[in-house]
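Structure, as structure tokens:
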Amino acid sequence: ASWLRAPGERGRPALVAMFRASDIFGRKPGNAPDRLAAVHGSDAEPVKRPLGQAGPVNRVWDPATGRFVEESIPADIQELMGIAKRPRPGVKQEQGAEMPWGADAQRPRAPQKVLGPASLGLGVRGQAPAAKHRAPGPTSEVDKNAPSVEYKGFSKVDLDDRYYERPSVVANGRPTYWTADGQFFIYWQGEVQRWAICDAASYAAVKAGQLPGWAYKEDHKHLCLASGWMEAWNGEWSTPDLQVVFRSASSHPPRWEDPVVQKAITTVEFHGFSMKELNTRYHLRPNEVLQGRPSLWDTSGVYFIYWQQSMRRWAICDLKCLEAVRSGQSPGWAYRADSGHFANACGWVETRNGEWVDAIVETAVISASVRGLKVELRGFTKQDLNTQYVERADDEIQGKPSLWDTSGAYFIYWQESMKRWAICDTVSLDLARSGLAPGWAYRKDSQHFTRANTWMEVWGKEWRPCKVQCRILEGVVRDSTPLVKAEYAEEAAGTHLSAQQYQALVRKVYEMKNPTKLADLDLIYEKYNGREPELFQQVCDKYGVDADEVAAQMPHTALEVGAETDERTARRAATGEDGGDRFAHLEGAEVPELKASEFALLVQAVYERFNPKKLQDLGRILAKFRGKERELYLEVCKKYGVHPAKFHARHQEEGEAQGQMAEPA
């Protein structure tokens, strides 16, 4: 609560409060809020009130407007606080014109209406006040084909909406964004250099130079970024967990020319390409650098956006051309006609009916506010390392965000040259930033430091292993290890095991270390269904056994049987041979005569389902079997145990064979 004083009383300065006392305590129904008086500067004299309004006042700092505001304490609140008596019945008290939070004191009087708790941001989450009438604002209609930004996650659910750009309605030199019903809008607060969301009833106050709002962008960054927003809720400012989607179409001018904003874009989604496989969501992989820049990959790991260095443009390609891309070539299914950012919808070109034409697409830049990671480590001999570490997203060391202890003396960082995480102190910070690998402890592998495994720590003049436990206190682990690389590494090392194989390994560890747990294995397997590798690693860590040694002790035939069983189950499920086959009538049928490109598409589909690694060699294989694509398809089906006619029918039903596959440019 702010310091209470009478008008003109000097001495102790007012304390800073986030809301007016009347906002915190609430009002009686029908009792309109007192008029706000804007005061410029912390040393400005209090605004004089008309006669008959003497009494205690609140002088509070309004963070949204950047000014002090002075108002009278309502009579019922004075009585509640024991500093005034309720006025006698029949005596009419003066009320200022109803004003929204943060509005100008000189705003013209408007008809009074009852303000419920929800309209003050004090309602129950999920219950939005119903609009009695359209609030005053620009009279022109909202263009739903304009660029837009959509928010989800505000506590005040009225703000969760899609806002469309209105270039003709400008505030402080920038276009505003309005909801389709015209009830809320986003505008630029030029005086404090930030975006804010306000209700349409306060539009006149905005035009008059005031800074009202229900939410504002505290970090002064682009409105498409989910982090950095603050909202008024339950009498205080809070940080919402938002998801933001900014949409633009090929008919709009470029939106993403600011290098600072470009660096913050990590997820983009496309709609409208004639080759529908390209219409998907792509995520940034900072460590998957192609031709000098990080690339973006879809969730399947087949299609990716990359920078064509020789052409100075972005393009979309698939996995079978990855080696060509790495060698400096420029294949692709779509590309930009300029060097603009890939998130711009305008400027994309695609192949259609054998020709390159302008693509009619829409892009969606997606952002989500994720709380920074906070962890606690235990198990080091050096006790200074057994503490809590908090992520500093803006403090990257060797390409990844670092985590620091509360004292700022120790930090966890990524050693790019060694491909591992380590813990170091600030004495060696400059060395770490320069690319060297100093530290008091480091991981024995390249996995994320939150995963259970053995660390190595300094012991005298030697390094020795130690078992470290990591507990995640806040946030989510975001591991950017390239998916495709991981798959190849696992297959090359022979460590790609089935669920049954991992269960057999877990049983082996319990037989060796704790036979009493064998009776509970079924419950353990059920609990970790789908997470068998994690279970095996945890069991090995708990009992201090080496995972590789346990796997080496298992009979090779047992592992092969487990792998064959798992592979056979997946294949039968993929081809519909596990019962209830809707294509059973095709058992004796042959594949119909198809075009060479259609057979090539079927071969690609088989590889995508059973062996994505072979997509890299698809171009070479098709060249080898040129004119014999049907024979190639039958051979591939035979190798992977799928029925050619059934697979073709299922592929058509799923819609994956629609359209003609064009050759990459």
Side-chain angles (χ1 to χ4, degrees), residues 273-280 297-304 316-325 331-334 350-355 484 487-488 491 566-665:
F273 282 116
S274 59
M275 183 175 174
K276 68 182 187 63
E277 289 83 358
L278 306 184
N279 298 320
T280 183
W297 292 71
D298 73 337
T299 53
S300 69
V302 174
Y303 294 91
F304 58 93
I316 304 178
C317 196
D318 60 33
L319 191 61
K320 64 177 176 289
C321 299
L322 181 59
E323 289 305 319
V325 171
W333 299 106
E350 66 173 336
T351 177
R352 193 183 306 155
N353 297 326
E355 297 182 357
V484 177
E487 292 176 350
Y488 294 164
E491 292 188 5
D566 208 46
E567 183 178 351
R568 191 182 305 115
T569 300
R571 183 178 296 113
R572 290 175 62 86
T575 56
E577 299 173 3
D578 54 346
D581 186 2
R582 290 178 289 106
F583 302 100
H585 61 285
L586 298 175
E587 185 65 38
E590 294 186 357
V591 180
E593 292 298 328
L594 303 173
K595 298 179 181 179
S597 60
E598 292 175 322
F599 277 119
L601 188 63
L602 288 171
V603 171
Q604 176 175 304
V606 174
Y607 283 147
E608 286 178 355
R609 182 160 295 178
F610 297 106
N611 191 0
K613 182 176 66 173
K614 294 293 291 182
L615 291 172
Q616 294 184 101
D617 304 325
L618 186 56
R620 178 181 56 80
I621 295 173
L622 291 176
K624 179 180 179 181
F625 284 83
R626 185 182 298 275
K628 299 185 291 182
E629 289 79 10
R630 178 188 178 89
E631 177 183 344
L632 171 63
Y633 173 61
L634 296 177
E635 287 294 329
V636 171
C637 289
K638 180 180 179 181
K639 178 177 180 179
Y640 293 101
V642 297
H643 194 287
K646 290 183 180 181
F647 188 87
H648 169 253
R650 184 178 298 277
H651 191 66
Q652 277 190 322
E653 183 184 80
E654 295 174 353
E656 297 177 358
Q658 295 179 359
Q660 185 176 6
M661 180 179 178
E663 292 298 323

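Worth saying up front: this structure is predicted, and the values here are computed from it rather than measured.
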Side chain to side chain contact (heavy atoms under 4.5 Å, CB included) assessment of Trp333 paired with Tyr303: CA-CA 10 Å; Trp333 299 106; Tyr303 294 91; 4.1 Å; yes
Step by step, would you call Phe599 with Val591 a side chain to side chain contact (heavy atoms under 4.5 Å, CB included)? CA-CA 10 Å; Phe599 277 119; Val591 180; 3.8 Å; yes
Identify each donor-acceptor pair in which a side-chain atom of residues 621-628 lies under 3.5 Å from a protein atom, sequence neighbours left out, and give them as a table.
none

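Note that CD of Gln652 and CD of Glu598 are 8.0 Å apart. Values are rounded to the nearest 0.5 Å. Cys637 SG to Lys639 NZ: the interatomic distance, rounded to the nearest 0.5 Å, is 12.5 Å. Between atom CD of residue Glu350 and atom CG of residue Leu278 there is a gap of 7.5 Å, rounded to the nearest 0.5 Å.
The shortest distance between side-chain heavy atoms of Leu594 and Leu601 does not fall below 4.5 Å. For the pair Tyr607 and Val636, the minimum side-chain heavy-atom distance is below 4.5 Å. Counting only heavy atoms from C-beta outward, the side chains of Ile316 and Met275 never approach each other to under 4.5 Å. With contacts defined as side-chain heavy-atom distances shorter than 4.5 Å, the pair Phe304/Val325 qualifies.
A search for side-chain hydrogen bond (donor to acceptor under 3.5 Å, both in side chains) contacts involving Glu629 returns nothing, not counting sequence neighbours. For the salt bridge (Lys or Arg N to Asp or Glu O under 4.0 Å) test, residues two or more places apart in sequence or in another chain that qualify with Glu593 are Arg630. A search for side-chain hydrogen bond (donor to acceptor under 3.5 Å, both in side chains) contacts involving Glu635 returns nothing, not counting sequence neighbours. In this structure, Thr280 has no side-chain hydrogen bond (donor to acceptor under 3.5 Å, both in side chains) partners at least two apart in sequence or on a different chain.
Residues Pro592 and His648 share a closest heavy-atom pair of CG-CE1, 3.6 Å. The nearest pair of heavy atoms linking His643 to Ala589 is CE1-O, 3.8 Å. Tyr633 approaches Pro644 most closely through the heavy-atom pair OH-O, 2.8 Å.
The backbone N or O of Val302 sits nowhere less than 3.5 Å from a side-chain atom of Asp318 that would complete a donor-acceptor pair.
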